[in-house]
Each structure stands twice: as structure tokens, then as C-alpha cells.
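Just the heavy atoms: all of them, side chains too, but no hydrogens, waters or symmetry mates, feed the values below.
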Amino acid sequence: MGLFLQWIALLQFFLPGLLFLRLLKLRRTFLRTVLHAFALSGLFNYALVLLLSAAGLFTQGVVLLLVLLEMLLLFFTGGQVTKTTFSLTAVDEFFASEEGGVRRISQLLFYLAVAALGIQGAEALRGFGQIFSAWDSVLSWNEWAVDWFSGTIGTRKTYGYPQLIPCMWAMAYQISGEVLNFVPKGTAMLCPFFVSLMLFDLAFALRKGALFGAVVLNAWFLRNLDPAGTGAEADLIASFYTCAVFHLLFLARRSDKNSNLLLAALTAIAAGCAKQSGLVILFLLPVLAYSFGLLRGRELLRGTVCYLLLALLFAGPYYLRFALRASQGSDRSNYTHVTKKIYGGRGRGELFTAASKQFLCKLQLGMERDVPTPKRADVRFDRGILHGILQFYGWQFWPALAVLILNVLCLTALKKTALWRGIVWGIVLPYILVWSLLFCYDLRNLMPFLPLYASGLALGFLTLAERRWFRRLLLLSAGLLLAGLLIFFPER
């Protein structure tokens, strides 16, 4: 019986969203149905837990009755909610439409992306056999989930962290009747796989083979972050919601504008209810709708008003309650601790230098050795800024410089794709800058926007790859990397 209830708990991570798509008669491919049902279900489960807890009805019996009702509604509403449009023929047609040089690179990136998807899919399946083990997961997010499950959340401080994720996990606990981590942990580990699937889907939808490279690059970034071992399950979910919003916005430009825009709005609200970083997307959505050419004039004004009312309905209860409890001294924000106290008096210049080494050496090059976190880094500028930087980087300066040059060139090449340039330069890079000055105590805080950064790098790289001077510069960068390793590595 316990295993059966675990399966029901897993199904509930998809069922409410699937029912919503069915009731609105929103038909899409099987892949998009799964992805969007998962995104929507998180928000609807959050709302259900809040309402049932407020009414004193958040019990196993009531929840199982609601799940049964959802199943019956899904069965009796009838009709198809998915359509099949993907085939091997579509893959052949995609590559046939590209020129020779670009086609060869796109095909290589396609096979690498398929391999990355296979690895991430296997890791996601392994996640269902694991439990929470890191500090933040065990003593914060899961602790709150247990409190929602047991009805004691009102007595615990949440430090300004929104509660959609704990509520999702509490729903699983309530269905199974006990605190078993397998489904919550497993669904969190599904998120990197789902993000890669969205990038893979966009590559075909937008006819941009470079996005296959984004799948590979984002998988590489996550490998270097080790989210499963560092308690970054909440960050993985936040990353999924952010990527899902852009996935839906790009789809809205091609077809089903109103329905995809509605789903994007609900997903953006879910992002704001999942983690504070999601508030960036929540508040930027009207601007994004305008920038993507989806809403204009009075339509934009009406849509923004409706969207903000909807956001207030879903996100307002927690943030308003937290503000009230904080004013009464019953709760408090963690902002001062994570932006100042945690760094032990280090200045912003020191933090930026240490964060840049984490960003270039650990995240992009996969280096673990001699890459301390900013809260433990020993950066000294007493003999000048340049000397301090060189001393802090040591032998890793040259490979980091090569990667920095490559990053700048790729992102500069985005001038040919105005929309992606606006996303990367207008949203992602400012977010990374704020991270490097305030929230760089952990690289995982970058996760919500890493898929977009990987996309920008991949798109820019493919644009540059056809130019002879760029290929020569790649050889020079490889030479700098090799020189750094040969000259300095023996000392290490």
C-alpha cells in the first residue's frame, strides 16, 4: 500500500496541471504537455495546501479524495490533450534546411545533446531512490514541508523564503501518510532533465541548432555545481520555473499566443512563490510580454492588471503574512546575513574577485582545487588591485582569462539576434553582477538563469564559428590554457 501511495504522490505532481490543460482544451505535443503540467501543478498544489491548511482540512483522507476527484474529472472531460508532431523526419528536415558548415556543427551538437539528455535522465531516475542529506534541504526546505504536513508551520520562522516548494513536498507526504523523501527528492532531480528537454524542444521550434549546444553546456554547468550533493534541490526547481516561462513565451510567438501567455503568467507566479529569485521573473513578465511582441497598448495594460491581480492572489498571502510576522518580531529576513555577515567583513571588490574565479574556474572549467568560496577567500589588495587578482588566481589566471575572452566574444556576437541579446544583456548579466556582489556565497544561486546564459553562449559561439579569425582565436585560447597548465601545474 505504501508503494502504491508513493506512485499516487508522484502523479499529483502532474495531475492538476494536466486537468487544467484538459479543461481549457489546450492541445500540445506530449513533451510540452508533460513539462507544462508539471509547472502548473506546483502552483495548484501550493494553493490547495494553503486553502486546506487554513480550513483545517489538510489530512490524508481529504487529499486522497481530491486526487480521486481530479482523476474522475480528467476521465470524464474526454478529448485529447496531446498531439504528436515530432518524428525522425522532422530531424532530417531540420538539418536539411541549414547550410553545410552550420549543419555539421548543429548535427554534432544534436548528438551531444542527446547524450546529455540520456545522462540527465538516468540521474533523474536515481534521484527517486535518494533522500535529502544536505544542510539547507534537511533543516530548511524539508523541515518546512514536515511542518506543513503536521500542521505546525505557523510556529516556525521562514526568513522570507516562500513556501511553494515545501507545500509541494508536504502534499506528497500527506498522500503517502508519512515523511518519505523519495518522491520530493526525485521530482526535484527531474528538473534539470526537464530544463534540457525545454531547450531541446526550443531548438526545433525556433530552428536554432545552437540550442542543442545550450543543452550540453547547461548540463556541464550543473555537473560542476553538483546540486544533488550540495542541497540545491530548491534551486533546481527555481531554475525549471524560470526556464519554463521563457519556453512558453517563445512558443507564444509562434502559435496559440493567448493560451501560452496564460501559462507563462501562471508559471511566472509559481516562480515567485518558489524562491525569491523567481520574483525577478514575476515582476518582469509584463516587460517580457512587450519585448516578445505579444502584447501592446491597451491589451498590454489590461493584461498587466489582470496578471498582477492573479499574482497577488497566489503570491500575496505568504509575503503579506511574512511582512506582518516580521513587524511583530515573530519572523525575520535573512537578507543581512546572506549579503553581509556571512562574508566576515570582506569588501565588495574582494567578493567580486572571488566570485569571478568561482564563475570562470569552477562553473565553466570544472576546477575544484584552489577555488575557495567568496566567504572563505583570501583576497588582498594591499599591493594593488592587479597584483591582488594575480596572486589570488595564481596558476588558474591564464585558463580563466581564456574563458573570459571566449565568453565576451560569444555574448557580443548576439547582436544579430536582438531578442536573445536583450535577454542575456538585459536580464541574465545584471543578475550575475548582483550575485557576484551580494549573493555569491554559493554558485547555486545562479541556477535560475544558467540555462539562459548557456543559450546565449551557444548562440553566440555558433555565429562566430564560421569566421576564420575566430577559429584562430580559439587555437590561441587553447594555447593559453595549455601554457597555464604546463607552466604552473607541476607546482601544484
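- Inter-residue side-chain proximity for R32 and L263 is flagged as unmet; no heavy-atom pair is nearer than 4.5 Å.
- Side chain of W425 to main chain of L411: a donor-acceptor pair is present (N/O by atom type, distance under 3.5 Å, no hydrogens or angles).
- A donor-acceptor pair under 3.5 Å links the side-chain atoms of K257 to the main chain of L294, judged by distance alone.
- Counting heavy atoms from C-beta on, the side chains of L363 and L225 come closer than 4.5 Å.
- Looking at heavy atoms from C-beta onward, L202 lies out of side-chain contact with F246 at the 4.5 angstrom threshold.
- Within the 4.5 Å cutoff, the side chain of L446 has no heavy atoms near those of the F221 side chain.
- Ring-plane geometry between W141 and W144 is classed as perpendicular, the angle between the planes exceeding 60 degrees on a 0 to 90 degree scale with a lower cut at 30.
- Within the 3.5 Å criterion, the main-chain N or O of E143 finds no donor-acceptor partner in the side chain of R156.
- Identified under the ring-ring contact (aromatic ring centres under 6.0 Å, His included) test for residues 37-65, with sequence neighbours left out: F14-F38, F20-F44, F38-F194, F38-F240.
- Listed for the Y319 side chain is no donor-acceptor partner under 3.5 Å among the backbone atoms of P162.
- Residues N142 and E233 have side chains that never bring a donor and an acceptor to within less than 3.5 angstrom of each other.
- Residue R376 places its CZ atom among 12 or fewer non-hydrogen atoms of other residues, nucleotides or ligands, all under 6.0 Å distant.
- Judged as a side chain to side chain contact (heavy atoms under 4.5 Å, CB included), and not counting sequence neighbours, the contacts of S455 are L199, L211, A214, W420.
- Taking the six-membered ring for Trp and thresholds of 30 and 60 degrees, Y431 and F449 have ring planes inclined between 30 and 60 degrees apart.
- Within the 4.5 Å cutoff, side-chain heavy atoms of N260 are placed close to those of R28.
- In this structure, L324 places its CG atom where more than 12 heavy-atom neighbours from other residues, nucleotides or ligands lie under 6.0 Å away.
- Side-chain contact check for S140 and Y159: no donor-acceptor pair (N or O, by modelled atom type) lies under 3.5 Å.
- Under the ring-ring contact (aromatic ring centres under 6.0 Å, His included) criterion, the residue pairs touching residues 275-300 are F250-F292, with sequence neighbours excluded.
- Side-chain contact between F314 and L50 is absent, with no heavy-atom pair separated by less than 4.5 Å.
- Looking only at side-chain heavy atoms (C-beta outward), P16 and N45 come within less than 4.5 Å of each other.
- Checking side-chain atoms of R22 against main-chain N and O of L74 turns up a donor-acceptor pair under 3.5 Å.
- A donor-acceptor pair under 3.5 Å links the side-chain atoms of N445 to the main chain of F439, judged by distance alone.
- When each of L351, T373, L438 is checked for a side chain to side chain contact (heavy atoms under 4.5 Å, CB included) with Y343, only L351 meets the rule.
- Residues P451 and S239 meet the side-chain proximity criterion, which asks for heavy atoms closer than 4.5 Å.
- Remark: side-chain polar atoms of H247 are not paired, donor with acceptor, to backbone N or O of C243 under 3.5 angstrom.
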